[in-house]
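This report concerns only the one structure given below.
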Amino acid sequence: MSGGLVTIERFRDLPEALLAKGKLESAGIPCFLADSELVRADWLWSNAIGNMRLQVKAEDAKEALSILREPPPEIFLEQEVGEYYQQPRCPKCNSIDIGFESIDRPLSYGLMLIGLCYPVPKNTWK
């Protein structure tokens, strides 16, 4: 790819950057991950250099951004992944943008300040 590259996204962490790059490549959009080798050598450089840059040709930028902004699918059909899978949802708001918290971090860190190193279980969806 020569000239005419535009940065459409920046990533601090390599795994997230590689997933985005793979998503674009699987959609047939050629892309380039600038500064990824430097971050692979020492990840602390990521913040210092302004993170890794996902770059595409200028004419592909709009389509690439729309692909990266797609929400995750709610279900995967059996023929796509070999089994039926439904995305977990928040029991309170029904959102699929969720994460599971197994440890109460603020309380656990507070206990560390008084010398008790004990992770306090939380086991809730966020």
Side-chain angles (χ1 to χ4, degrees):
M1 294 182 355
S2 62
L5 295 177
V6 293
T7 299
I8 59 167
E9 192 73 59
R10 291 179 179 268
F11 299 95
R12 185 191 68 146
D13 299 316
L14 186 60
E16 186 180 355
L18 292 174
L19 285 171
K21 183 177 186 282
K23 187 172 185 178
L24 291 181
E25 288 175 343
S26 69
I29 298 176
C31 56
F32 175 73
L33 196 55
D35 297 325
S36 64
E37 290 80 16
L38 184 59
V39 173
R40 287 179 201 219
D42 187 352
W43 67 269
L44 292 172
W45 278 99
S46 186
N47 287 336
I49 61 172
N51 301 321
M52 292 170 278
R53 300 180 317 271
L54 183 59
Q55 298 181 325
V56 297
K57 293 179 185 175
E59 58 267 17
D60 293 335
K62 188 175 180 180
E63 182 183 1
L65 275 173
S66 69
I67 289 171
L68 290 179
R69 301 289 185 262
E70 288 176 348
E74 294 185 22
I75 63 169
F76 295 100
L77 301 176
E78 186 173 347
Q79 57 267 31
E80 292 174 345
V81 293
E83 63 184 53
Y84 178 76
Y85 175 80
Q86 186 166 356
Q87 198 72 274
R89 294 180 170 274
C90 174
K92 293 180 183 175
C93 67
N94 207 29
S95 171
I96 59 173
D97 185 20
I98 60 172
F100 188 74
E101 294 180 336
S102 59
I103 296 175
D104 188 340
R105 292 181 189 276
L107 185 55
S108 298
Y109 291 151
L111 288 174
M112 287 175 64
L113 292 174
I114 61 171
L116 297 173
C117 293
Y118 177 72
V120 179
K122 189 173 184 179
N123 297 327
T124 59
W125 289 96
K126 175 182 174 192

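Counting begins at 1 with the first residue of the sequence.
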Problem set entry | K57 side chain vs P30 backbone, donor-acceptor pair below 3.5 Å | no
Seminar exercise, completed: What one should report as the nearest heavy-atom pair of K23 and I67 is NZ-O, 3.2 Å
Seminar exercise, completed: When every non-hydrogen atom of I103 is compared with those of P119, the smallest separation belongs to CD1-CB, 4.1 Å
Problem set entry | Test side-chain contact (heavy atoms from CB on, under 4.5 Å) applied to I8 and D60, step by step | CA-CA 10 Å; I8 59 167; D60 293 335; over 6 Å; no
Problem set entry | Closest non-hydrogen atom pair between C31 and L24, with its separation | SG-CB, 4.0 Å
For this session: Using a cut-off of 6.0 Å, state whether more than 12 heavy atoms not belonging to R10 lie near its atom CZ.
Result: yes
For this session: From the options L18, L33, T7, select the one residue that forms a side-chain contact (heavy atoms from CB on, under 4.5 Å) with L54.
Result: L33
For this session: Specify the closest pair of heavy atoms between D35 and N51, including all atoms of both residues, with the distance to one decimal.
Result: OD2-O, 4.3 Å
Seminar exercise, completed: In terms of heavy-atom contacts, V56 and A61 come closest through CG2-CA, 3.7 Å
Exercise. Transitively linked via ILVMFWY side-chain contacts under 4.5 Å: I114 with L107?
Worked result: yes
Exercise. Among Q55, K21, M52, R69, which residue meets the side-chain contact (heavy atoms from CB on, under 4.5 Å) test with E9?
Worked result: R69
For this session: Please answer: with hydrophobic residues joined when any side-chain heavy atoms are less than 4.5 Å apart, are V120 and L116 in the same cluster?
Result: yes
Exercise. What is the minimum heavy-atom distance between L14 and S36, and which atoms define it?
Worked result: CD1-CB, 4.3 Å
Seminar exercise, completed: Residue set satisfying side-chain contact (heavy atoms from CB on, under 4.5 Å) with E16, at least two apart, ordered chain then number -> F11
